[in-house]
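Below: the structure, in C-alpha coordinates.
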Amino acid sequence: MTTRQKDTPVFSFDENTGIAQIETPAAFSYAETLLYLTRSPLECLHSVENGRIYKLLEAGKELLPVEISNPGPGRLHLRFMQGPPADPDAIREAAAYTAEWLDLARDMTPFYATAQSDPLLGPLASGYYGLRIIGVPHLFEALCWAIAGQQINLTFAYTLKRRLVENYGKKLVWEGRTYWLFPKPGDLADVTVEELRQLQFTGKKAEYILHVAGLMDSGALSKEALLASGSYEAAERTLLAIRGIGPWTAHYVLMRCLRNPAAFPIGDAGLHNALKQLLHRTQKPALEEIRQLFAPWRGWEAYAVFYLWRSLLPEGSPAIQTAGLPDART
DNA sequence: GACCAGGGTTAGA
DNA sequence: TCTAACCATGGT
(Lines give C-alpha, C1' and ligand atoms only; values in the text may rest on other atoms or scores of the structure.)
Protein backbone atom coordinates (compact mmCIF):
# COMPACT_ATOMS: atom_id res chain seq x y z
CA MET A 1 0.00 0.00 0.00
CA THR A 2 1.45 3.29 -1.03
CA THR A 3 2.08 5.60 1.83
CA ARG A 4 3.87 8.39 0.03
CA GLN A 5 3.18 11.52 1.95
CA LYS A 6 1.94 13.50 -1.00
CA ASP A 7 -0.76 10.90 -1.57
CA THR A 8 -1.97 10.87 1.97
CA PRO A 9 -5.55 12.04 1.76
CA VAL A 10 -7.18 14.48 4.06
CA PHE A 11 -9.19 12.20 6.25
CA SER A 12 -10.53 11.93 9.73
CA PHE A 13 -11.55 8.97 11.80
CA ASP A 14 -14.64 8.96 13.97
CA GLU A 15 -14.05 6.72 16.99
CA ASN A 16 -17.77 6.48 17.72
CA THR A 17 -18.97 5.35 14.32
CA GLY A 18 -15.75 3.61 13.31
CA ILE A 19 -15.92 5.35 9.97
CA ALA A 20 -13.08 7.14 8.25
CA GLN A 21 -14.11 10.18 6.29
CA ILE A 22 -12.04 11.07 3.25
CA GLU A 23 -12.27 14.47 1.63
CA THR A 24 -12.75 14.52 -2.12
CA PRO A 25 -11.78 17.33 -4.46
CA ALA A 26 -14.39 19.46 -6.19
CA ALA A 27 -13.75 17.84 -9.56
CA PHE A 28 -14.68 14.37 -8.45
CA SER A 29 -17.70 12.43 -9.61
CA TYR A 30 -18.75 9.50 -7.48
CA ALA A 31 -21.33 8.57 -10.11
CA GLU A 32 -18.65 8.31 -12.79
CA THR A 33 -16.53 6.28 -10.42
CA LEU A 34 -19.37 3.82 -9.86
CA LEU A 35 -20.06 3.62 -13.56
CA TYR A 36 -16.51 2.58 -14.28
CA LEU A 37 -16.41 0.16 -11.36
CA THR A 38 -19.54 -1.62 -12.59
CA ARG A 39 -18.49 -1.90 -16.21
CA SER A 40 -18.06 -5.66 -15.97
CA PRO A 41 -20.24 -8.12 -14.09
CA LEU A 42 -17.22 -10.42 -14.00
CA GLU A 43 -15.18 -8.09 -11.80
CA CYS A 44 -14.06 -9.97 -8.70
CA LEU A 45 -11.94 -7.47 -6.75
CA HIS A 46 -14.81 -5.20 -5.79
CA SER A 47 -18.55 -5.06 -5.95
CA VAL A 48 -21.09 -2.26 -5.98
CA GLU A 49 -24.49 -2.46 -4.32
CA ASN A 50 -26.90 0.40 -3.83
CA GLY A 51 -24.24 2.94 -4.60
CA ARG A 52 -21.79 1.48 -2.13
CA ILE A 53 -18.46 -0.08 -3.02
CA TYR A 54 -17.29 -3.23 -1.26
CA LYS A 55 -13.66 -4.21 -1.42
CA LEU A 56 -11.10 -6.16 0.52
CA LEU A 57 -8.00 -4.26 1.55
CA GLU A 58 -4.91 -5.47 3.29
CA ALA A 59 -3.05 -3.33 5.78
CA GLY A 60 -0.10 -4.87 7.46
CA LYS A 61 -1.20 -8.46 7.88
CA GLU A 62 -4.82 -7.57 8.42
CA LEU A 63 -7.53 -8.28 5.89
CA LEU A 64 -9.96 -5.40 5.96
CA PRO A 65 -13.26 -5.65 4.13
CA VAL A 66 -14.47 -2.10 3.62
CA GLU A 67 -17.50 -0.27 2.35
CA ILE A 68 -17.00 2.99 0.51
CA SER A 69 -19.92 5.35 0.21
CA ASN A 70 -20.62 8.93 -0.73
CA PRO A 71 -22.77 10.44 2.02
CA GLY A 72 -22.65 13.87 0.44
CA PRO A 73 -20.58 16.25 -1.66
CA GLY A 74 -16.92 16.55 -0.88
CA ARG A 75 -16.47 13.40 1.09
CA LEU A 76 -16.41 9.63 1.09
CA HIS A 77 -17.04 7.29 3.97
CA LEU A 78 -14.80 4.32 4.52
CA ARG A 79 -16.50 1.83 6.80
CA PHE A 80 -14.62 -1.15 8.16
CA MET A 81 -17.06 -4.01 7.89
CA GLN A 82 -15.56 -5.98 10.76
CA GLY A 83 -15.04 -2.95 12.89
CA PRO A 84 -12.13 -0.55 12.71
CA PRO A 85 -8.66 -2.05 13.03
CA ALA A 86 -6.94 -1.43 16.33
CA ASP A 87 -3.84 -0.14 14.58
CA PRO A 88 -4.29 3.51 13.56
CA ASP A 89 -1.70 2.96 10.85
CA ALA A 90 -3.98 0.39 9.25
CA ILE A 91 -6.77 2.96 9.13
CA ARG A 92 -4.41 5.46 7.56
CA GLU A 93 -3.21 2.87 5.05
CA ALA A 94 -6.73 1.96 4.08
CA ALA A 95 -7.63 5.61 3.56
CA ALA A 96 -4.45 6.18 1.58
CA TYR A 97 -5.13 3.17 -0.61
CA THR A 98 -8.67 4.35 -1.29
CA ALA A 99 -7.49 7.83 -2.18
CA GLU A 100 -4.85 6.50 -4.53
CA TRP A 101 -7.21 3.96 -6.08
CA LEU A 102 -9.72 6.69 -6.88
CA ASP A 103 -7.07 9.28 -7.80
CA LEU A 104 -8.28 11.82 -5.26
CA ALA A 105 -4.99 13.67 -4.95
CA ARG A 106 -4.70 14.72 -8.58
CA ASP A 107 -5.22 18.37 -9.41
CA MET A 108 -7.12 18.11 -12.65
CA THR A 109 -7.42 21.84 -13.27
CA PRO A 110 -4.84 21.87 -16.09
CA PHE A 111 -6.57 18.96 -17.81
CA TYR A 112 -9.94 20.67 -17.81
CA ALA A 113 -8.34 23.94 -18.91
CA THR A 114 -6.77 22.16 -21.85
CA ALA A 115 -9.93 20.28 -22.71
CA GLN A 116 -12.21 23.29 -22.52
CA SER A 117 -11.41 24.67 -25.93
CA ASP A 118 -10.80 21.33 -27.57
CA PRO A 119 -13.42 20.13 -30.06
CA LEU A 120 -12.88 16.46 -29.26
CA LEU A 121 -11.86 16.43 -25.62
CA GLY A 122 -14.07 19.32 -24.52
CA PRO A 123 -17.39 17.49 -24.73
CA LEU A 124 -15.86 14.44 -23.03
CA ALA A 125 -14.41 16.51 -20.22
CA SER A 126 -17.68 18.29 -19.53
CA GLY A 127 -19.84 15.22 -20.10
CA TYR A 128 -17.83 13.09 -17.72
CA TYR A 129 -16.67 15.89 -15.45
CA GLY A 130 -15.13 14.56 -12.29
CA LEU A 131 -14.14 11.22 -13.78
CA ARG A 132 -10.71 10.23 -12.56
CA ILE A 133 -8.43 7.40 -13.56
CA ILE A 134 -9.42 4.47 -11.41
CA GLY A 135 -6.08 2.99 -10.58
CA VAL A 136 -4.55 -0.40 -9.92
CA PRO A 137 -2.31 0.54 -7.02
CA HIS A 138 -0.57 -2.81 -6.63
CA LEU A 139 2.10 -3.32 -9.28
CA PHE A 140 1.75 -7.08 -9.52
CA GLU A 141 -1.98 -6.81 -10.02
CA ALA A 142 -1.51 -4.09 -12.63
CA LEU A 143 1.07 -6.12 -14.54
CA CYS A 144 -0.97 -9.33 -14.42
CA TRP A 145 -4.10 -7.51 -15.52
CA ALA A 146 -2.28 -5.85 -18.39
CA ILE A 147 -0.53 -9.01 -19.54
CA ALA A 148 -3.67 -11.11 -19.23
CA GLY A 149 -5.57 -8.53 -21.26
CA GLN A 150 -3.17 -8.44 -24.16
CA GLN A 151 -4.87 -9.10 -27.46
CA ILE A 152 -8.08 -10.51 -26.02
CA ASN A 153 -11.48 -9.00 -25.43
CA LEU A 154 -12.21 -7.48 -22.06
CA THR A 155 -14.79 -10.08 -21.11
CA PHE A 156 -12.29 -12.86 -21.45
CA ALA A 157 -9.68 -10.74 -19.69
CA TYR A 158 -11.99 -10.46 -16.70
CA THR A 159 -12.53 -14.20 -16.79
CA LEU A 160 -8.78 -14.82 -16.74
CA LYS A 161 -8.30 -12.38 -13.87
CA ARG A 162 -11.06 -14.01 -11.91
CA ARG A 163 -9.45 -17.42 -12.35
CA LEU A 164 -6.11 -16.08 -11.20
CA VAL A 165 -7.71 -14.49 -8.16
CA GLU A 166 -9.94 -17.40 -7.21
CA ASN A 167 -7.12 -19.91 -7.54
CA TYR A 168 -4.31 -18.04 -5.84
CA GLY A 169 -5.79 -15.06 -4.00
CA LYS A 170 -7.07 -14.72 -0.47
CA LYS A 171 -10.76 -15.02 0.20
CA LEU A 172 -12.89 -13.60 2.96
CA VAL A 173 -16.60 -14.13 3.45
CA TRP A 174 -18.46 -11.62 5.58
CA GLU A 175 -22.16 -10.92 5.91
CA GLY A 176 -22.95 -12.92 2.81
CA ARG A 177 -20.43 -11.19 0.57
CA THR A 178 -17.34 -12.87 -0.78
CA TYR A 179 -14.28 -10.65 -0.89
CA TRP A 180 -11.13 -11.48 -2.83
CA LEU A 181 -7.61 -10.16 -2.58
CA PHE A 182 -5.39 -10.29 -5.64
CA PRO A 183 -2.59 -12.84 -5.16
CA LYS A 184 0.87 -11.65 -4.25
CA PRO A 185 3.90 -12.57 -6.34
CA GLY A 186 4.91 -15.15 -3.75
CA ASP A 187 1.53 -16.85 -4.05
CA LEU A 188 2.56 -17.92 -7.56
CA ALA A 189 6.01 -19.14 -6.54
CA ASP A 190 5.17 -22.79 -7.09
CA VAL A 191 2.73 -22.35 -9.94
CA THR A 192 3.69 -23.80 -13.31
CA VAL A 193 3.00 -22.72 -16.87
CA GLU A 194 0.90 -25.82 -17.33
CA GLU A 195 -1.23 -24.87 -14.36
CA LEU A 196 -1.94 -21.42 -15.78
CA ARG A 197 -2.60 -22.92 -19.19
CA GLN A 198 -5.36 -24.95 -17.62
CA LEU A 199 -6.91 -21.63 -16.59
CA GLN A 200 -6.78 -20.78 -20.33
CA PHE A 201 -3.85 -18.44 -20.20
CA THR A 202 -1.73 -18.86 -23.31
CA GLY A 203 1.66 -20.39 -22.77
CA LYS A 204 3.34 -17.05 -23.41
CA LYS A 205 1.17 -15.15 -20.97
CA ALA A 206 1.71 -17.84 -18.37
CA GLU A 207 5.47 -17.46 -18.80
CA TYR A 208 5.29 -13.68 -18.64
CA ILE A 209 3.19 -13.64 -15.49
CA LEU A 210 5.28 -16.23 -13.67
CA HIS A 211 8.45 -14.39 -14.67
CA VAL A 212 7.08 -11.10 -13.34
CA ALA A 213 5.99 -12.88 -10.15
CA GLY A 214 9.54 -14.15 -9.71
CA LEU A 215 11.05 -10.73 -10.31
CA MET A 216 8.77 -9.14 -7.76
CA ASP A 217 9.07 -11.94 -5.24
CA SER A 218 12.84 -11.67 -5.32
CA GLY A 219 12.73 -7.90 -4.98
CA ALA A 220 14.28 -7.31 -8.41
CA LEU A 221 11.15 -5.42 -9.43
CA SER A 222 8.97 -3.23 -7.25
CA LYS A 223 6.68 -0.26 -7.52
CA GLU A 224 8.80 1.63 -5.06
CA ALA A 225 11.94 1.11 -7.13
CA LEU A 226 10.16 2.15 -10.32
CA LEU A 227 8.87 5.32 -8.68
CA ALA A 228 12.31 6.01 -7.27
CA SER A 229 14.06 5.46 -10.58
CA GLY A 230 14.15 9.17 -11.27
CA SER A 231 11.72 9.56 -14.12
CA TYR A 232 8.79 7.86 -15.74
CA GLU A 233 11.03 7.32 -18.76
CA ALA A 234 13.44 5.34 -16.61
CA ALA A 235 10.56 3.34 -15.18
CA GLU A 236 9.32 2.70 -18.70
CA ARG A 237 12.71 1.42 -19.80
CA THR A 238 12.83 -0.94 -16.83
CA LEU A 239 9.40 -2.29 -17.68
CA LEU A 240 10.15 -2.64 -21.40
CA ALA A 241 13.20 -4.74 -20.61
CA ILE A 242 10.96 -7.37 -19.07
CA ARG A 243 9.84 -10.15 -21.36
CA GLY A 244 6.17 -9.86 -22.20
CA ILE A 245 6.01 -6.15 -21.49
CA GLY A 246 5.83 -4.10 -24.66
CA PRO A 247 4.92 -0.44 -25.20
CA TRP A 248 1.22 -0.91 -24.55
CA THR A 249 1.69 -2.84 -21.32
CA ALA A 250 4.38 -0.48 -20.04
CA HIS A 251 2.24 2.57 -20.64
CA TYR A 252 -0.85 0.89 -19.30
CA VAL A 253 0.98 0.22 -16.04
CA LEU A 254 2.47 3.70 -16.00
CA MET A 255 -1.02 5.05 -16.39
CA ARG A 256 -2.95 2.93 -13.91
CA CYS A 257 -0.37 2.01 -11.32
CA LEU A 258 2.47 4.52 -11.38
CA ARG A 259 0.04 7.29 -12.27
CA ASN A 260 2.03 9.06 -14.87
CA PRO A 261 -0.53 11.50 -16.34
CA ALA A 262 1.45 11.49 -19.60
CA ALA A 263 1.35 7.71 -20.02
CA PHE A 264 0.04 7.00 -23.48
CA PRO A 265 -0.90 3.45 -24.55
CA ILE A 266 -1.27 4.61 -28.13
CA GLY A 267 -1.69 1.12 -29.53
CA ASP A 268 -4.73 0.43 -27.40
CA ALA A 269 -7.60 -1.12 -29.31
CA GLY A 270 -10.20 0.51 -27.11
CA LEU A 271 -8.65 3.91 -27.71
CA HIS A 272 -8.78 3.26 -31.45
CA ASN A 273 -12.42 2.25 -31.30
CA ALA A 274 -13.36 5.28 -29.22
CA LEU A 275 -11.72 7.62 -31.71
CA LYS A 276 -13.26 5.82 -34.65
CA GLN A 277 -16.68 6.24 -33.10
CA LEU A 278 -16.28 9.85 -31.98
CA LEU A 279 -14.82 10.91 -35.31
CA HIS A 280 -17.52 9.03 -37.19
CA ARG A 281 -15.01 7.03 -39.15
CA THR A 282 -15.48 3.73 -40.89
CA GLN A 283 -11.92 2.76 -40.04
CA LYS A 284 -9.71 3.25 -37.05
CA PRO A 285 -7.44 6.29 -37.22
CA ALA A 286 -3.80 5.67 -38.00
CA LEU A 287 -1.21 5.95 -35.25
CA GLU A 288 0.27 9.11 -36.75
CA GLU A 289 -3.13 10.78 -36.75
CA ILE A 290 -3.68 9.76 -33.14
CA ARG A 291 -0.37 11.36 -32.25
CA GLN A 292 -1.50 14.57 -33.91
CA LEU A 293 -4.87 14.47 -32.16
CA PHE A 294 -3.16 14.03 -28.81
CA ALA A 295 -0.51 16.69 -29.40
CA PRO A 296 -2.49 19.50 -27.74
CA TRP A 297 -3.04 17.34 -24.67
CA ARG A 298 0.63 16.74 -23.98
CA GLY A 299 1.20 15.79 -20.38
CA TRP A 300 -2.37 14.57 -19.93
CA GLU A 301 -2.49 11.72 -22.40
CA ALA A 302 -3.46 9.18 -19.76
CA TYR A 303 -6.54 11.17 -18.78
CA ALA A 304 -7.47 11.75 -22.41
CA VAL A 305 -7.26 8.00 -22.99
CA PHE A 306 -9.34 7.28 -19.92
CA TYR A 307 -12.03 9.75 -20.98
CA LEU A 308 -12.02 8.20 -24.44
CA TRP A 309 -12.43 4.75 -22.90
CA ARG A 310 -15.31 6.15 -20.90
CA SER A 311 -17.06 7.13 -24.12
CA LEU A 312 -17.27 3.43 -24.99
CA LEU A 313 -19.46 2.61 -22.00
CA PRO A 314 -23.13 2.04 -22.80
CA GLU A 315 -24.23 5.24 -21.07
CA GLY A 316 -23.20 6.87 -24.27
CA SER A 317 -21.07 9.78 -25.22
CA PRO A 318 -21.83 13.46 -25.24
CA ALA A 319 -22.53 14.97 -28.63
CA ILE A 320 -19.29 15.84 -30.34
CA GLN A 321 -19.43 18.81 -32.67
CA THR A 322 -17.91 17.74 -35.93
CA ALA A 323 -16.84 21.28 -36.75
CA GLY A 324 -13.18 21.70 -36.08
CA LEU A 325 -12.48 18.00 -36.17
CA PRO A 326 -10.58 16.23 -38.92
CA ASP A 327 -12.78 15.25 -41.85
CA ALA A 328 -14.13 11.75 -41.92
CA ARG A 329 -12.27 9.44 -44.21
CA THR A 330 -13.58 6.30 -45.79
C1' DG B 1 -16.68 -19.24 -39.84
C1' DA B 2 -14.58 -14.86 -40.14
C1' DC B 3 -13.03 -11.22 -37.68
C1' DC B 4 -11.81 -8.91 -33.58
C1' DA B 5 -9.87 -8.36 -29.03
C1' DG B 6 -7.46 -2.51 -23.95
C1' DG B 7 -0.25 -6.98 -27.85
C1' DG B 8 4.34 -9.15 -27.80
C1' DT B 9 8.08 -11.73 -29.70
C1' DT B 10 10.66 -13.38 -33.34
C1' DA B 11 12.68 -13.88 -37.85
C1' DG B 12 13.96 -11.75 -41.90
C1' DA B 13 14.70 -7.92 -44.89
C1' DT C 1 15.17 0.20 -37.89
C1' DC C 2 11.06 -1.68 -40.00
C1' DT C 3 7.68 -5.38 -41.42
C1' DA C 4 5.29 -9.69 -41.45
C1' DA C 5 4.43 -14.00 -39.48
C1' DC C 6 3.09 -16.21 -35.51
C1' DC C 7 1.16 -16.88 -31.03
C1' DA C 8 -3.47 -18.82 -29.00
C1' DT C 9 -8.26 -18.26 -27.29
C1' DG C 10 -12.94 -16.47 -26.29
C1' DG C 11 -16.63 -13.12 -27.96
C1' DT C 12 -19.62 -11.61 -31.41
Side-chain angles (χ1 to χ4, degrees), chain A residues 35-45 124 128 131-136 139 141-164 166 192-213 215 221 236-279 281-288 290-291 293-294 301-314 317:
Chain A
L35 191 60
Y36 181 84
L37 292 178
T38 53
R39 68 182 181 151
S40 171
L42 296 172
E43 174 62 61
C44 57
L45 295 178
L124 299 179
Y128 312 139
L131 170 67
R132 286 158 184 270
I133 296 179
I134 310 298
V136 185
L139 179 61
E141 178 186 337
L143 282 167
C144 288
W145 173 236
I147 291 169
Q150 291 169 358
Q151 188 59 21
I152 59 172
N153 61 71
L154 267 181
T155 304
F156 186 41
Y158 273 107
T159 299
L160 288 177
K161 179 172 90 164
R162 175 181 284 266
R163 289 178 183 159
L164 206 55
E166 292 183 349
T192 63
V193 168
E194 291 68 33
E195 210 171 318
L196 290 185
R197 290 216 55 178
Q198 289 186 345
L199 305 184
Q200 287 176 293
F201 283 83
T202 64
K204 299 272 192 193
K205 286 183 184 179
E207 290 173 13
Y208 300 159
I209 285 174
L210 293 180
H211 178 54
V212 165
L215 287 175
L221 175 68
E236 180 186 352
R237 284 193 295 274
T238 300
L239 289 170
L240 287 174
I242 299 169
R243 190 173 153 78
I245 300 180
W248 177 85
T249 305
H251 278 262
Y252 185 91
V253 169
L254 284 164
M255 170 183 176
R256 303 217 39 211
C257 182
L258 302 181
R259 290 209 170 278
N260 173 9
F264 188 14
I266 190 171
D268 184 83
L271 167 64
H272 300 168
N273 283 330
L275 288 173
K276 175 185 169 187
Q277 187 174 306
L278 292 171
L279 297 173
R281 301 289 179 79
T282 57
Q283 294 183 336
K284 297 185 192 176
L287 291 185
E288 186 48 40
I290 298 177
R291 278 192 200 91
L293 282 170
F294 270 68
E301 290 88 344
Y303 286 83
V305 167
F306 205 73
Y307 273 65
L308 285 162
W309 284 347
R310 165 63 181 86
S311 74
L312 293 170
L313 292 180
S317 56

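Being a predicted model, the structure only gives us computed values, none of them experimental. We name chains A, B, ... by the order of the sequence lines, and we start the count at 1 in each one.
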*If you look at every strand shown and take non-hydrogen atoms under 4.0 Å, does A:F201 touch a base, only sugar-phosphate, or nothing?*
nothing
*Report which part of the nucleic acid A:Q150 touches: base, sugar-phosphate, or nothing (heavy-atom distance under 4.0 Å, all strands).*
sugar-phosphate
*To the nearest angstrom, how far is A:Q151 atom CD from B:dT9 atom P?*
13 Å
*Let me know, please, whether A:I242 or A:W145 comes out on the 5' side of the other along DNA chain B by nearest nucleotide.*
A:W145
*Remember a base hit wins even if backbone is also touched, and classify A:I245 as base, sugar-phosphate or nothing at under 4.0 Å, heavy atoms.*
sugar-phosphate
_Between C:dA8 (P) and A:E207 (CD): distance, integer Å_ = 8 Å
*For A:K205 and C:dC6, give me the distance from atom NZ to atom C1', rounded to whole Å.*
14 Å
*Closest nucleotide of DNA chain C for A:T159 versus for A:T202: which of these residues is on the 5' side?*
A:T202
*Check for a donor-acceptor pair, side chain of A:Q150 on one end and backbone N or O of A:W248 on the other, with a separation under 3.5 Å.*
no
*Looking at every strand, decide which applies to A:T249 at a 4.0 Å heavy-atom threshold: base, sugar-phosphate, or nothing.*
sugar-phosphate
*Do the charged groups of A:E207 and A:K204 touch, with an N to O distance under 4.0 Å?*
no
*Is there a side-chain polar atom (N or O) of A:R243 under 4.0 Å from OP1 or OP2 of B:dT10?*
yes
*Which whole-number value in Å describes the distance from A:K204 NZ to C:dA5 P?*
17 Å
*Taking atom P of C:dC7 as reference, at what distance in whole Å does atom OH of A:Y208 sit?*
12 Å
*Evaluate salt bridge (Lys or Arg N to Asp or Glu O under 4.0 Å) for A:E194 paired with A:R197, printing each intermediate quantity in order.*
CA-CA 5 Å; A:E194 291 68 33; A:R197 290 216 55 178; over 6 Å; no
_Both A:I152 and A:T155 contact DNA chain C. Taking the nearest nucleotide for each, which residue is further toward the 5' end?_
A:I152
*Spell out, as yes or no, whether a donor-acceptor pair under 3.5 Å connects the side chain of A:Y307 to the backbone of A:L131.*
yes
*Do the side-chain N or O atoms of A:K284 get closer than 4.0 angstrom to the phosphate oxygens (OP1, OP2) of B:dA5?*
yes
*Under 30°, 30 to 60°, or over 60°: which ring-plane class applies to A:F264 and A:F294, parallel, tilted or perpendicular?*
parallel
*Can you check whether A:R197 has a side-chain N or O nearer than 4.0 Å to OP1 or OP2 of C:dT9?*
yes
*asked:* Let me spell it out: for each of A:G244 and A:N153, pick the nucleotide of DNA chain B with the closest heavy atom. Which residue's pick is nearer the 5' end?
replied: A:N153
*So what does A:P247 touch, heavy atoms closer than 4.0 Å: a base, only the sugar-phosphate, or nothing?*
sugar-phosphate
